[in-house]
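First, the structure itself, so that you have it in front of you.
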4 protein chains.
Amino acid sequence: MTARRAQLIEAAHDLIVAHGIAGLRTRAVAAAVGIDHSTLHHHFPTKADLIEAVADRALAAFRPAEGPTQTLTEHLRHLAALMTTRPDLFTLMRELDLHATRDTAIAALMGPRDDRWRASLTALLPHPVHADLVIATVKGAGNHPATAPAVLKALLDLLRK
Amino acid sequence: MTARRAQLIEAAHDLIVAHGIAGLRTRAVAAAVGIDHSTLHHHFPTKADLIEAVADRALAAFRPAEGPTQTLTEHLRHLAALMTTRPDLFTLMRELDLHATRDTAIAALMGPRDDRWRASLTALLPHPVHADLVIATVKGAGNHPATAPAVLKALLDLLRK
Amino acid sequence: MTARRAQLIEAAHDLIVAHGIAGLRTRAVAAAVGIDHSTLHHHFPTKADLIEAVADRALAAFRPAEGPTQTLTEHLRHLAALMTTRPDLFTLMRELDLHATRDTAIAALMGPRDDRWRASLTALLPHPVHADLVIATVKGAGNHPATAPAVLKALLDLLRK
Amino acid sequence: MTARRAQLIEAAHDLIVAHGIAGLRTRAVAAAVGIDHSTLHHHFPTKADLIEAVADRALAAFRPAEGPTQTLTEHLRHLAALMTTRPDLFTLMRELDLHATRDTAIAALMGPRDDRWRASLTALLPHPVHADLVIATVKGAGNHPATAPAVLKALLDLLRK
DNA sequence: AATGAATGAGTGTTCATTCAT
DNA sequence: GATGAATGAACACTCATTCAT
């Protein structure tokens, strides 16, 4: 059933945010949903499949903010808002970015996303390097959710000058 | 002997950069140095001690760049140079930052360092939030060593305008 | 399955009698039953749990002899018979008594048992100290199963004079 | 030097009483005396040698009470006194008795001692089985140092009737 | 879809012992 | 007599995965 899949993805998401990808235990995911850990393999043949599904869903949550039709202001405001309402998303992203270095399956998910994101930003900014600057800052700001919105606003102000 | 300790720290450093903190195996560290894995515990009672020593040494490598007497230009140039010559240092920092969330011993090392860094930056910049902006960007830029120096230079230009 | 649990408890019992609690190896227990040592942890999360189960079952084997409704003669005859048919039970008891000094979980099992035993004996004997005398002698007699029944009979004769 | 040896035996004695023979760590013995654990092997080639030395010294402490020239009253009074002043000696004896089952070297020490003890007692008692009774009770009484002297006195009274 | 038993490769850690200095 | 580095066998315990039911 797809409902069970969604439950498992949600539980895995929370557990990754709490304990990291390396700290993720399939037993814990199954327990959080109330099923036996061997049943989890019925929905996700392998642990990597589950992690990919989590990554996929998290990436989808970012998509609206990364669409090509926005202004830079809207884009950064949306991300700043997301940092406040969904800091878990950014924690997960950092986990995935780090994991992508070693896991080609995750890299295949994260790479194109960054490429699309960079393309969208390039269209909104005079200098291409500023796209990389925004991406770097957004990714780095996720470390401190408290100051992140202010940091993003400061960057926006600098870029609009 | 301290030479052996240094060798082990170096090997552990490389292995963390290659496989992540979670992927670090004490057996691999010992093998890289050519000793039995049980001998490693003669030098580092616990795996956590070894990781702490690696963190300590890496942090020390950053210290010259974070000193309080510099100009912002010098500071960012030093970091940009470091990103090119020692990208491993930034990979390790991202690992440690992520680990600090869950490991208080690492947090105790990383927290004060960021505090000192922020203080140094605040003294060089008109707006305190810019200190956080620089930190966020530097940390985020470590993801892409290729574009990192250009990103840092772009940030510097914006801040000096 | 509970049958497997019972098998493991039995095997652990025999191995403790043969090599002592300290000499108990979970691998040996699993091997004696013909399963992988990791499967043992499916039935007993920890080695201590297994030992507790062994202690529990051994204590249960004594219970009929320690019931409150007997005469002293019946009581000591039952124990003497047990010493001949099941000397392993007394070897195990000595192991557990010694272990109880250092292991609170075992102490929690052995303490109440001795208390109940002493209470039963006190009801059958004119002087309370004789209850302690019987307990001490029974425990000490376990060292030499060969002479134990005769020793217990001699004690009975002295107490009935 | 023999002074060092005596120190090590004393420390090992205390540690066995505290943590059992199985819980004895040569490192702990060395540390208690203030030397490196590898130096311990200079005085005692093997851990078993150290334990044997401890057993030997403890057995010597009992010898005065087990001499052949005493009366039964003196003998039991001496043991009762020893139980109060040196309960550690009885804890150690129980450890050694249990160990003797599995360790022939310890058995070679404990066996003859029990034989001599039994011979002395047989000379003082009308029925040979009473010798075994006394030995069993003394060994069993060591479990509860608090009640041990009273138990021994009660046994003495019964035997003198 | 779900379970419980089982697996096996691995994981950090322990510890008595050896040996060159 | 003493040390520190090193060893290697052992150890309990973990965990993703498989499979019969």
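Residue numbers begin at 1 in each chain, while the letters A, B, ... track the order of the sequences.
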Side-chain donor/acceptor of A:Arg94 to backbone N/O of B:Leu98, under 3.5 Å: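 Such a contact is absent between A:Arg94 side chain and B:Leu98 backbone.
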Side chain proximity check, A:Arg25 to A:His37, heavy atoms < 4.5 angstrom: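 No. Closest side-chain heavy atoms not under 4.5 Å.
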Length of the line joining B:Ile21:CD1 and E:dT11:P, which is rounded to integer Å: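 Rounded to whole Å, this separation is 16 Å.
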Where B:Phe44 and B:Ile9 come nearest, the two heavy atoms and their spacing: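 Closest approach of B:Phe44 to B:Ile9: CZ-CG1, 3.7 Å.
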Spacing between B:Arg5 atom CZ and F:dA5 atom P, to the nearest angstrom: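 Rounding to the nearest Å, CZ of B:Arg5 and P of F:dA5 are 10 Å apart.
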Short side-chain to backbone donor-acceptor contact, D:Gln7 and D:Val33, under 3.5 Å: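 Checked: no pair found.
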Partner of D:Leu24 by side chain to side chain contact (heavy atoms under 4.5 Å, CB included), out of D:Glu95, D:Lys47, D:His13: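 It is D:Lys47; the other options fail the test.
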C:Leu109 versus C:Ala55, closest heavy-atom pair with distance: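 Nearest pair, atom of C:Leu109 first, then C:Ala55: CD2-CB, 3.7 Å.
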Closest heavy-atom pair and its distance - B:Leu40, B:Ala30: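 For B:Leu40 versus B:Ala30, the nearest heavy atoms are CD1-N, 4.1 Å.
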Phosphate OP1/OP2 of E:dA6: any C:His42 side-chain N/O under 4.0 Å: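 For C:His42, the contact criterion (side-chain N or O under 4.0 Å from OP1 or OP2 of E:dA6) is not met.
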C:His43 NE2 to F:dT14 C1', straight-line distance once rounded to whole Å: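 These atoms are roughly 16 Å apart.
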Contact summary for D:Leu8 and D:Ile35, nearest pair of heavy atoms: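 Looking at all heavy atoms of both residues, the shortest contact is CD2-CD1, 4.1 Å.
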Test log, rule side chain to side chain contact (heavy atoms under 4.5 Å, CB included), inputs C:Thr46 and C:His41: CA-CA 6 Å; C:Thr46 186; C:His41 288 94; 5.8 Å; no
F:dG4 phosphate, OP1 or OP2, under 4.0 Å from B:Arg4 side-chain N/O: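 False: B:Arg4 side-chain N/O out of range (4.0 Å or more) of F:dG4 OP1/OP2.
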Of residues 7-19 of chain C, the positions that come close to DNA chain E - non-hydrogen atoms, cut-off under 4.0 Å: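 When residues 7-19 of chain C is checked for heavy atoms under 4.0 Å from DNA chain E, there are no hits whatsoever.
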Heavy-atom protein contacts under 4.0 Å, nucleotides 15-21 of chain F, coded B base, S sugar-phosphate only, - none: BBBB---
Between E:dC15 (C1') and B:Leu40 (CG): distance, integer Å: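 Distance check: B:Leu40 CG to E:dC15 C1' gives 16 Å.
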Interatomic distance where CD1 belongs to B:Ile35 and P belongs to E:dG12 [whole Å]: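 It is 14 Å, rounded to the nearest whole Å.
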Passing option when D:Ile16 is tested against D:Leu50, D:Val29, D:Ile21, D:Thr91 for side chain to side chain contact (heavy atoms under 4.5 Å, CB included):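 For D:Ile16, the side chain to side chain contact (heavy atoms under 4.5 Å, CB included) check succeeds only for D:Ile21.
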SB check D:Glu10 D:Arg4 (cutoff 4.0 Å):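 D:Arg4 and D:Glu10: not salt-bridged.
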Whole angstrom value for the distance that separates P of E:dT13 from CG of B:Asp36: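 So the CG-P distance, B:Asp36 to E:dT13, works out to 15 Å.
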Degree of bending in the helix from E:dA2-F:dT21 to E:dT21-F:dA2 once both end axes are built from five pairs, to 10°: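 It comes to 10° between the two terminal axes.
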